[in-house]
Amino acid sequence: MSKSLDPFPVLTALQSIVDSIQKNPVTILDAPPGTGKTTALPTELLKAGVTSGKKICILEPRRIAAKNAAKRISQSLKEEVGGSVGYRVRFDTKISNDTKIEFVTDGILTKILLADPELKEYGLIVFDEFHERKLDSDLCFALTRRTQEVFRNDLKLLIMSATLEGQNFESIGILSKPIQVSASTHPLEIFHMGDSSKKLKERLLDLVPKAVEQTEGDILVFLSGKKEIQDLKYGLESILTIQSNAVVLGLFGDMELAQQEQIFLPHPQNKKKVILSTNIAESSVTIPGVRVVFDTGYHKHAVFDSEAGLSHLIKDRISLSSAKQRAGRAAREGKGLVYRLWSKEEESSFLDRTKPEILEGDIDRLVLEVKSWGEEVDQLPFLDPPNKGSVIRSTNRLQLLGCLDQNSNLTNIGKECLRYPLPIRLGKILAILPKDKETLIADIVALVGKESSGTESKLFPEETQPKNFPYELRVVYDQILRIYKEKTDFSSTVSGKDRLFYLSSGFPDRIAKAKVLNGKDFKLSNGKQGILNTTSLQIPEFILVLDTFSFGSDLLITNFLPIEEKQIEKFFSNQIQTKVVSETRTNQRGESFFVVKEERSLGELVLESKETNSPNPTILRLALAEYITKSSLEEEWKKDPELINFYHRVQFLERNGVLDTNTDFSHLKQIAEDWLFPFINFDSGKLSLDKLPYLEAFKAYVGYEKMNVIDSFAPRSIQVPSGSKISLNYDGNEPELHVKLQELFGLKSLPKLADGKVSILIHLLSPARRPVQITKDLESFWNHGYHEVKKELKGRYPRHPWPDKPWEATATKHLNHNKRS
């Protein structure tokens, strides 16, 4: 543990870090913000020779952090960015032949790894802000670990973070102990501002102007998303106090570089800066001058529904570790003030740390990239492996898109998808897009995920104009167009199709059909339910769903295109399946019967359904097989007392080793075609569900030659001394006889069943047929229990016999005066 007032406290532990890097494959550095781990340490490690002359690659989770870190180090070295220190991020690269320290984002490092798994140019890979646990960062970490194991035992990894609680490094064989660095910090006062259910925007419009007037330094406000930033910015800029004393700036991931740089520069007129930021300012970047933090306690993150193949941007509570990181922004340069817009009591519901994105994000690209790497997801050393079910569903989806073949091997379409830094669905469209359809690239870019306001559902425009794109989409469009124009292999393209064909090819599981004509409720081919929020009176029967967000248990369809059924038939002919389904109906006489339908479906969406009046034998067999699979045989058989009794007798003998049959209902359902179907006449074209020959077929399954054994060792009934023949009950674990005790006078014992192995459990009943005793030892009951029963019941039932010596009395089912009881 090191502690210092040095401007770069991390350097007090430099020798320990160097020694660990030279000794261990992976070094872990736990150091708070402001200790110099990002801007001071890399150059010192380069000087110490830990890379053996190779480059240092530093992975930053965010573009803005990568750029600013490279810029700050270059300034300290009195160099231009791109000299000995440079960066590579999406849309921008500044490196040269002299570059020895490269800051990159995870998407860039993934590309480097896939192109050169040996990482020949690099001696040290640094994972900064590791606690953020971005999905692509986790993939990069797993791949570099594999590079160490397979290609480069000299390659070194350094993990850096200000908070590493809960990271289970030992589970993947990283045994080196974290090197901890601490630093003297300025005082920090934290105020909890009460119930967070109150409207945040109105509270901030009241509190922030007061802070501008009454506190020192710049103000940083943490909000959940871009829309919230824009709304609050507009509100604050209309307040006179703000207009006179401050400038309001937004900070989010896809801003223009010029706008980003304003955040880090003093205002020309020395006005205070009020910076409205997403969690990008939580740990990835240090903003000078901030002394006050307002924290709303929320963030937005994508949650992926792997069953539906849909991502939803949701607003959620931050974790306690995030709250700590945000608060630390206020005390970097002096005494800090933090205003948390929630109560202290509410913190008990906060998670300790943010869940890794790999556990709830869209892993389609990850699965495809791992395939491109040449391994399977479950083979790589992930710190938190993705859910196996999610991997299976992702693989199925990639097969549906044509990115993987039926053997789960990477296809040419899959390879082409990976060239584009887009969701795989959109990459699929580009992969099959021919040269003469270049204008559709604007449509594809327009579908890049953005925050949705949840307003009225929009019909996707017939033509998208790139000139109308905002800055962040314009740069995406320019990049995608450039990559597309570099395409040399057009073997995967599909020519001669229209715009709707190409767009729908990326969303084969998002074809939707209205539940009723002109209705707003739709069912999607992935099985999900969607709602079209529109005031239009003319609603298409079929639509292609291009964008959604969560609306309770359903989806709110925000962007769509009409599609005709004949186009669905044409575009998805190889995915449409015809199957036979059945349902049961009951007629007016209460008889159950089959209705057999032939359905043509795209995924879970039924395109056409028609009843078969006289189904052929094959269809009937399929329908009955499906019915039996879905039904409960036990409930069916309980309707027939003779059948269920016989089943329980067989099961009893099976349990006690007399019969070697398998009467488990799940087994009988699986092999129903073997034992039941031969007893059914499918040629008749009709099938009554009330008259299925279960009993006859089941007896044949057990074996007719075993009927005598069943009747002997598990008789249906037994004759008691009174002359009555009383049924035995085999429902439970033991056979039971329910009988009035007067009918057993003179009897000391009942015969044992199952070849003499099992005693009958006797339920002795009163004259009113209420249980008075349960026993297997009748003789003991006559000698002991009977006299207590007699004492209790004789006065209540005086006309029934109650002899003093029941073992000598004559059994009877009559009253004392020969009247029936």
Side-chain angles (χ1 to χ4, degrees), residues 225-231 234 252 254 300 302-303 305 308-315 362 422-423 425-426 428-430 439-474 476-477 480 498-526 528-565 567-568 571 605:
K226 179 178 172 181
K227 181 179 182 298
E228 287 76 8
I229 288 173
Q230 292 170 335
D231 288 348
Y234 178 79
F252 43 88
D254 51 6
K300 284 183 181 175
V303 174
D305 182 342
L310 293 163
S311 282
H312 308 299
L313 197 64
I314 66 168
K315 184 177 177 180
D362 180 357
L422 292 171
R425 294 178 181 280
L426 303 184
K428 157 65 187 293
I429 303 171
L430 287 160
T439 54
L440 289 181
I441 293 175
D443 287 334
I444 296 165
V445 172
L447 294 172
V448 173
K450 301 178 292 297
E451 289 188 36
S452 174
S453 62
T455 54
E456 183 169 346
S457 303
K458 295 178 182 177
L459 183 66
F460 194 68
E462 290 195 12
E463 187 176 352
T464 307
Q465 296 293 336
K467 64 182 180 182
N468 297 328
F469 283 153
Y471 167 79
E472 59 267 26
L473 276 189
R474 178 71 208 194
V476 172
Y477 171 77
I480 299 304
D498 60 16
R499 174 180 186 253
L500 186 56
F501 165 79
Y502 293 109
L503 292 176
S504 63
S505 70
F507 303 90
D509 53 347
R510 302 250 198 106
I511 303 297
K513 181 181 180 181
K515 293 183 179 179
V516 295
L517 287 177
N518 277 322
K520 299 179 182 180
D521 293 327
F522 283 78
K523 182 176 181 180
L524 280 66
S525 52
N526 59 27
K528 289 289 182 178
Q529 309 296 320
I531 300 170
L532 202 61
N533 181 27
T534 179
T535 56
S536 173
L537 298 178
Q538 294 297 319
I539 300 175
E541 182 181 5
F542 291 94
I543 60 173
L544 171 64
V545 177
L546 297 174
D547 201 8
T548 68
F549 78 92
S550 291
F551 183 72
S553 59
D554 295 326
L555 306 172
L556 187 62
I557 299 167
T558 55
N559 216 339
F560 70 95
L561 271 174
I563 187 169
E564 296 178 10
E565 187 171 3
Q567 292 173 312
I568 298 171
F571 297 166
L605 189 66

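Checking Asp509, Thr558, Ile557 one by one against Val545, the side-chain contact (heavy atoms from CB on, under 4.5 Å) holds for a single residue, Ile557. For the pairing with Ile480, the side-chain contact (heavy atoms from CB on, under 4.5 Å) check across Val448, Leu426, Ile441, Ile444 returns one residue only, Ile441.
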Subject >> Worked verdict on Ile511 versus Leu524 for side chain to side chain contact (heavy atoms under 4.5 Å, CB included) >> reply: CA-CA 6 Å; Ile511 303 297; Leu524 280 66; over 6 Å; no
Original post:
Could you go step by step and tell me if Glu565 and Lys513 meet the side chain to side chain contact (heavy atoms under 4.5 Å, CB included) rule?
Top reply: CA-CA 9 Å; Glu565 187 171 3; Lys513 181 181 180 181; 6.0 Å; no
Subject >> Leu605 and Lys523: CA distance, side-chain angles, deciding distance, side chain to side chain contact (heavy atoms under 4.5 Å, CB included) verdict >> reply: CA-CA 7 Å; Leu605 189 66; Lys523 182 176 181 180; 4.2 Å; yes
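By the salt bridge (Lys or Arg N to Asp or Glu O under 4.0 Å) test, Glu564 is found to be paired with Lys566, residues two or more places apart in sequence or in another chain being considered. In this structure, the side chain to side chain contact (heavy atoms under 4.5 Å, CB included) partners of Ser536, at least two apart in sequence or on a different chain, are Thr534, Gln538. Remark: Asp231 engages Lys227 in a salt bridge (Lys or Arg N to Asp or Glu O under 4.0 Å) (not counting sequence neighbours). With sequence neighbours left out, Pro562 forms a side chain to side chain contact (heavy atoms under 4.5 Å, CB included) with Leu459, Pro540. Applying the side chain to side chain contact (heavy atoms under 4.5 Å, CB included) rule to Ala514 yields the partners Phe522; only residues at least two apart in sequence or on another chain are considered. Legend: residues meeting ring-ring contact (aromatic ring centres under 6.0 Å, His included) with Phe571, ordered by chain and number and at least two apart, are Phe501. Remark: Lys520 engages no residue in a side-chain hydrogen bond (donor to acceptor under 3.5 Å, both in side chains) (not counting sequence neighbours). Among residues two or more places apart in sequence or in another chain, the side-chain hydrogen bond (donor to acceptor under 3.5 Å, both in side chains) test is passed with Asn559 by none. Asn468 is linked by a side chain to side chain contact (heavy atoms under 4.5 Å, CB included) to Gln465, counting only residues two or more places apart in sequence or in another chain. In this structure Thr464 satisfies the side-chain hydrogen bond (donor to acceptor under 3.5 Å, both in side chains) test together with Asp443, sequence neighbours excluded.
Atom CG of residue Asn526 and atom CZ of residue Arg510 lie 7.5 Å apart, to the nearest 0.5 angstrom. Here the CD1 atom belonging to Ile229 is positioned 6.5 Å from the CZ atom belonging to Phe252, to the nearest 0.5 angstrom. Rounded to the nearest 0.5 angstrom, Arg499 CZ and Thr439 OG1 are separated by 9.0 Å. Rounding to the nearest 0.5 Å places CG of Asp547 at 10.5 Å from CG of Leu555. One distance of note links CG of Leu503 with CG of Leu546; it measures 6.5 Å at 0.5 Å rounding. Annotation: the span from Phe507 atom CZ to Leu561 atom CG amounts to 10.0 Å, rounded to 0.5 Å.
Of all the heavy atoms in Arg425 and Pro508, the pair that sits closest is NH1-CD, 4.5 Å. Looking at every heavy atom in both residues, Phe469 comes nearest to Ala442 through CZ-O, 3.4 Å. Minimum interatomic distance between Lys467 and Arg474 (heavy atoms only, all atoms of both residues): N-NH1, 3.9 Å.
In this structure, Lys528 and Thr548 have side chains that are not in contact, with every pair of non-hydrogen atoms separated by 4.5 Å or more.
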